[in-house]
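I have placed the structure first, in the form of structure tokens, so that the comments after it can refer back to it.
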Amino acid sequence: MAKKILLLDGNSLAYRAFFALPLLTNEHGIHTNAVYGFTMMLQRILEEENPTHMMVAFDAGKTTFRHETFSEYKGGRQKTPPELSEQFPYLRKLIDAYRIKRYELDNYEADDIIGTLSLEAERAGDEVVVISGDKDMTQLVSPSTTVYITRKGITDIEKYTVDHVREKYGLSPLQIIDMKGLMGDSSDNIPGVPGVGEKTALKLLAAHGSVEGVYEAIDQQKGKLKEKLVANEELAHISKKLATIERNAPIDISLEELAYDGPDQDELVKVWHELAFKTLLEKMDYTAEQTEKEEMKFQVLEHVDSSILEDEMAVHLELYDEHYHTCELLGVSLATAAKTYVIPMSVVEQSEEFRAWFRDPSKKKYMSDSKASTAAFYRCGIELNGVEFDLMLGAYIVNPSLTYTDLSNIVREYGYTDVATDEQIYGKGAKKSVPAEEVLHEHIARKARTIWTVRPVVLKKLEDNEQFDLYYHLELPLATILGAMESLGVKVDKDQLANMGKELAEKLAEIEKNIYWIAGQEFNINSPKQLGVVLFENLGLPVLKKTKTGYSTAADVLEKLEGQHEIISHILLYRQLGKLLSTYIEGLLKEIHEDGKVHTRFQQALTTTGRLSSTNPNLQNIPVRLEEGRKIRKAFVPSEENWLMVAADYSQIELRVLAHMSEDERLVEAFKNDLDIHTATAMDVFHVEAEEVTGDMRRAAKAVNFGIVYGISDYGLSQNLNITRKEAAAFIDRYFVSFPGVRKYMDDTVQSAKKDGFVTTIMKRRRYLPDITSSNFNLRSFAERTAMNTPIQGSAADIIKKAMIDMADALEREGMQTRMLLQVHDELIFEAPQDELEKLKTLVPQVMESAVTLNVPLKVDFAFGDTWFDTK
DNA sequence: CGTGTCACG
DNA sequence: ACGTACGTGACACGG
């Protein structure tokens with residue numbers, strides 16, 4: 001049977017894709033645009049062509065036989081950008097996953113491999129399609145060979161048949177070579193005849209057929225053209241030779257070996273996942289829904305049977321969605337090496353033996369997102385102890401830059417594909433629903449099985465990275481503590497909020513009226529687009545900054561315009577109050593549960609630095625800086641009569657961490673002497689005595705200190721202080737002269753990030769920074785600033801996490817009623833009975849300050865009051 | 001569902 | 001010359 005053979009020019013297509021697409025980066029920081037473009041093209045081609053045989057040819061090495069003919073061949077070419085080079089290994093992996101043959105041959109280019117095979121195929125009577133981004137390939141066109149050349153993008157293709165070549169150039173395919181011989185090709189540095197371009201070449205070939213024909217009839221030429229042709233005859237012949245694809249390369253692969261039987265689905269999923277080709281993965285999931293998963297036996301427990309409970313088991317509690325404080329509990333699964341069980345929720349709840357097993361800390365549970373289970377179980381009175389492994393937390397510690405939502409996606413990072421995503425099982429949006437029992441049970445069963453299977457892989461990585469301590473003694477115990485804090489919740493005074501809301505709404509209506517009157521028209525002030533038109537077109541204010549969609553109306557821009565029009569201050573006030581009303585009054589009211597409390601969720605596996613984040617509601621960004629907003633905190637009250645709110649925050653923890661890590665003498669000294677750090681910085685930078693430090697000097701020093709923590713840039717500082725970049729650069733220089741240890745630390749950190757590919761915190765938390773070696777200035781600069789910032793921000797996060805664990809222990813040990821409620825990056829919020837206050841005043845700072853020992857002291861400020869507002 | 005804006009550390 | 005401060009989440013708008 002005749003074959004249909006697809007021959008792809010790997011290098012050329014990768015180049016095309018690379019330059020056609022923006023520089024995409026996946027979450028590992030690998031650039032993926034060339035591989036992505038190549039994949040899209042491949043998908044399209046496979047769908048449309050149904051080939052029986054396939055091959056991707058690559059260029060091998062730098063020189064080919066063509067360089068012997070003409071040493072400058074392909075000279076003057078730009079070096080392959082590293083962002084593209086780094087993609088070739090992935091491209092090869094991808095092609096292997098498709099189970100397509102790859103081929104490269106020393107001394108030959110991809111063209112020659114393809115030329116040789118296409119000739120062989122023609123002789124055998126097979127149909128050939130050649131795919132490339134290089135028009136030279138059109139010389140291979142024949143009645144049985146079509147050449148596809150990518151246009152503009154990568155999936156847009158121009159198909160060259162014999163007819164199409166003739167239509168386009170008026171030439172036969174083989175004459176393409178003659179054309180190159182005459183006009184050359186700048187991209188390959190083929191000279192051709194100087195002064196002869198496409199038009200002249202086509203005219204000459206129309207008359208004489210070939211380069212040889214032109215020279216045989218050279219007497220028919222005249223004038224300048226003749227001179228040029230005569231003078232460059234040898235160059236013309238060399239050029240033709242260079243442009244000729246070799247069709248007898250010594251290839252040791254037969255057409256039969258190119259047989260294509262479709263991709264290795266598992267491998268393809270792995271590679272796509274590694275590259276983070278999300279849309280492609282979703283498409284594939286859709287088409288291959290129930291297929292390919294390894295069969296798995298499990299037992300559904302219809303009745304209580306506690307004899308199945310062992311000392312170590314993988315445990316999974318299935319929840320209907322991520323809002324685990326409110327959502328339905330769908331069942332539990334358990335797994336050991338030999339067995340997998342599914343237990344309906346009703347059976348779990350009925351059984352005192354199950355409850356006892358969950359409560360028993362000596363029964364080891366291997367879970368994923370154990371905090372969600374802790375909080376959800378809490379609602380049905382089940383206490384969870386003995387969590388010995390948490391897959392999500394483990395994976396997060398191994399690499400915090402990835403996203404950890406669905407168990408299925410987490411384990412795919414480890415090459416495990418036998419568990420579906422929740423979206424596949426439940427659907428999404430309006431169509432979301434619980435599936436048939438068998439489907440649900442299998443899904444749940446697979447989760448416990450997966451946790452059991454993947455656990456050793458994750459543990460191995462943690463061990464290799466020396467992160468056992470971070471894992472077992474920080475994140476794992478913290479999960480339990482956070483679960484308790486969330487379940488406990490924070491009491492919110494609804495009436496207080498509602499009253500503030502009423503007042504605010506009235507005020508806003510008045511400001512709104514005022515703005516309309518000043519503007520002379522009504523418009524939506526909340527629409528940056530409409531506001532931009534009013535300010536910058538109708539009122540003619542100067543445009544200081546633009547966004548990619550129009551005028552910027554951000555606060556920093558408006559503040560600069562404040563003196564120019566009275567409307568500005570009203571708009572700023574409107575924005576400020578509008579934010580309070582919509583986000584902090586209305587938004588918060590919606591989050592209050594029946595118990596009169598808000599139950600935030602602390603995301604423990606989200607930030608790249610090791611910090612927590614808080615959602616539904618976010619209790620880590622309740623207003624504090626402006627008095628108006630700060631009043632929101634009056635609504636956060638103790639949940640028991642006559643109790644107090646207590647707040648304890650670390651003073652300058654990030655700069656103290658910096659002092660510790662950099663061992664800068666002046667900085668360490670300043671903290672050891674408990675100086676006001678911004679004033680001390682100002683003294684050193686401006687060379688003045690403490691009494692001479694002005695408000696502005698301290699403000700500048702403070703901004704520089706912030707900048708240092710963020711990974712300083714003169715531009716960033718200049719924006720913050722509203723000064724020129726030069727002035728900012730001068731500040732930074734002076735800072736580094738005063739604190740040379742800090743400069744050295746920053747340099748060393750960036751260097752080590754370049755060497756290792758990652759940076760670490762004091763507790764060995766890691767963050768990978770692949771862009772640190774990028775040739776793209778922006779990406780590299782960003783990675784460098786991140787390298788400087790992450791150890792500081794991350795170590796501070798480590799410290800407060802440790803303090804939370806110590807604090808929970810201390811409260812327990814002392815038998816106190818005081819409850820830890822919130823963490824806000826550098827502070828802890830508690831509610832406490834009055835009679836424990838005196839003890840807390842010493843206990844809390846003492847515990848927090850001794851969470852770790854640095855070479856500078858840690859300092860904690862303690863405050864209390866009737867509401868969160870009053871803890872100042 | 002992306003963009004702009006603004007709240008926090 | 002390049003064009004940025006580090007880390008988050010929620011809301012309104014508008015396609």
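In what follows, chains carry the letters A, B, and so on, assigned in the order in which the sequence lines appear, proteins first and then strands, with residues in each chain numbered from 1. As a basis for the values below, the full set of heavy atoms in this structure was taken, side chains included, without hydrogen atoms, waters or symmetry mates. Bear in mind that the values here come from a model prediction, so they are computed numbers and not experimental data.
- In this structure, A/Ile653 atom CD1 and C/dG7 atom P are separated by 18 Å, rounded to whole Å.
- Between C/dT4, C/dG15, C/dC11, one nucleotide has an atom nearer to the side chain of A/Ser713 than all others, and that is C/dT4.
- For A/Arg785, the side-chain atoms get nearest to C/dC6 when compared with the rest of C/dG7, C/dC6, B/dC6.
- Within the nucleic acid shown, A/Thr553 comes within 4.0 Å of sugar-phosphate atoms alone, with no base atom in reach, counting heavy atoms only.
- Residue contacts shown for A/Leu717 include a base, since a base heavy atom lies under 4.0 Å away.
- One can place CG of A/Leu612 at 12 Å from C1' of B/dG9, the figure rounded to the nearest angstrom.
- Minimum atom distance to the side chain of A/Thr547 is reached by B/dT5, of the listed B/dT5, B/dA7, C/dT4.
- With hydrogens and angles ignored, a donor-acceptor pair under 3.5 angstrom links the side chain of A/Arg625 to the base of B/dG9.
- In this structure, the nucleotide among B/dG9, C/dT4, C/dG14 sitting nearest to the side chain of A/Val624 is B/dG9.
- Between A/Tyr735 and A/Phe739, the ring centre distance stays below 6.0 Å.
- Between the CZ atom of A/Arg633 and the P atom of B/dC8 there is a distance of 8 Å, given to the nearest Å.
- Under the 30°/60° scheme for interplanar angles, the aromatic rings of A/His599 and A/His325 are found to be tilted.
- The residue A/Asn776 sits apart from the nucleic acid: no heavy atom pair falls under 4.0 Å.
- Note on A/Asn618: only backbone sugar-phosphate atoms sit closer than 4.0 angstrom, heavy atoms only; bases stay farther off.
- Across A/Glu475, A/Arg611, A/Lys801, a single residue satisfies side chain to side chain donor-acceptor pair (under 3.5 Å) together with A/Gln604, and that is A/Glu475.
- Atom P of nucleotide C/dG14 and atom CD1 of A/Ile525 are separated by 13 Å, given to the nearest angstrom.
- Here the side chain of A/Glu506 pairs no donor or acceptor atom with the backbone of A/Glu503 at under 3.5 angstrom.
- A side-chain donor-acceptor contact under 3.5 Å links A/Thr600 to the backbone of A/Pro617.
- The backbone N or O of A/Gly711 sits nowhere less than 3.5 Å from a side-chain atom of A/Asn789 that would complete a donor-acceptor pair.
- One atom, CD of A/Glu628, and another, P of B/dA7, lie 12 Å apart when rounded to the nearest Å.
- Contact of A/Asn526 with C/dA12 (side chain to base): no donor-acceptor pair of N or O atoms is detected under 3.5 Å.
- Within 4.0 Å (heavy atoms only), A/Glu654 reaches no atom of the nucleic acid at all.
- Listed nucleotides C/dG14, B/dC6, B/dG9 differ in distance to A/Arg575; the shortest reach to its side chain belongs to B/dC6.
- A/Tyr584 places no side-chain N or O within 3.5 Å of a backbone atom of A/Ile622 that could act as its donor or acceptor partner.
- Looking at heavy-atom distances under 4.0 Å, A/Ala797 makes no contact with the nucleic acid at all.
- A/Tyr710 places its OH atom 13 Å from the P atom of C/dT8, with the value rounded to the nearest Å.
- Among the atoms of the strands shown, none is found under 4.0 Å from any heavy atom of A/Val709.
- No donor-acceptor contact under 3.5 Å links the side chain of A/Ser613 to the base of C/dT8.
- Closest contact between the side chain of A/Arg611 and the listed nucleotides B/dA7, B/dG9, B/dC6 involves B/dG9.
- Side-chain N/O atoms of A/Arg725 and base N/O atoms of C/dG3 include a donor-acceptor pair closer than 3.5 Å.
- Remark: the separation of the P atoms in C/dT4 and B/dT3 is 14 Å, to the nearest Å.
- Nucleic acid contact class of A/Leu606 (heavy atoms, under 4.0 Å, all strands): sugar-phosphate only.
- An OP1 or OP2 oxygen of C/dG7 is reached within less than 4.0 angstrom by no side-chain nitrogen or oxygen of A/Thr609.
- Among the atoms of the strands shown, base atoms are found under 4.0 Å from some heavy atom of A/Phe777.
- Using a 4.0 Å cut-off, no side-chain N or O of A/Ser781 falls inside it from OP1 or OP2 of C/dC2.
- Pairing for C/dA1 is absent, with no Watson-Crick or G-U wobble pair whose two atom distances lie under 3.5 Å.
- For the pair A/Thr608 and C/dT8, the criterion of a side-chain N or O lying under 4.0 Å from OP1 or OP2 is met.
- At the heavy-atom level, A/Gly711 lies nowhere under 4.0 Å from the strands shown.
- Within the nucleic acid shown, A/Gln793 comes within 4.0 Å of at least one base atom, counting heavy atoms only.
- Of the two residues contacting DNA chain C, namely A/Asn789 and A/Gln603, the nearest-nucleotide position lying further toward the 5' end is that of A/Asn789.
- Counting non-hydrogen atoms under 4.0 angstrom, A/Thr790 reaches nothing in the nucleic acid.
- For the P atoms, the distance from B/dC6 to C/dA5 is 15 Å, rounded to whole Å.
- Using cut-offs of 30° and 60° for the angle between ring planes, the A/Phe636 and A/Trp868 rings count as perpendicular.
- Of the side-chain N and O atoms in A/Arg767, one or more sit less than 4.0 angstrom from OP1 or OP2 of C/dG7.
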Steps toward salt bridge (charged side-chain N to carboxylate O under 4.0 Å, His left out) verdict (A/Lys744, A/Asp664): CA-CA 9 Å; A/Lys744 183 170 186 315; A/Asp664 181 278; over 6 Å; no

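- Put simply, CD1 on A/Ile632 is 11 Å from P on B/dC8, counting in whole angstrom units.
- Residue contacts shown for A/Ala703 include a base, since a base heavy atom lies under 4.0 Å away.
- The nearest whole Å value for the distance from the CG atom in A/Asn778 to the C1' atom in C/dT4 is 7 Å.
- Nucleotide C/dC11: paired with B/dG4 (Watson-Crick or G-U wobble, both distances less than 3.5 Å).
- For A/Lys548, whose side chain is taken as the heavy atoms from C-beta onward, the closest listed nucleotide among B/dT3, B/dT5, C/dG15 is B/dT3.
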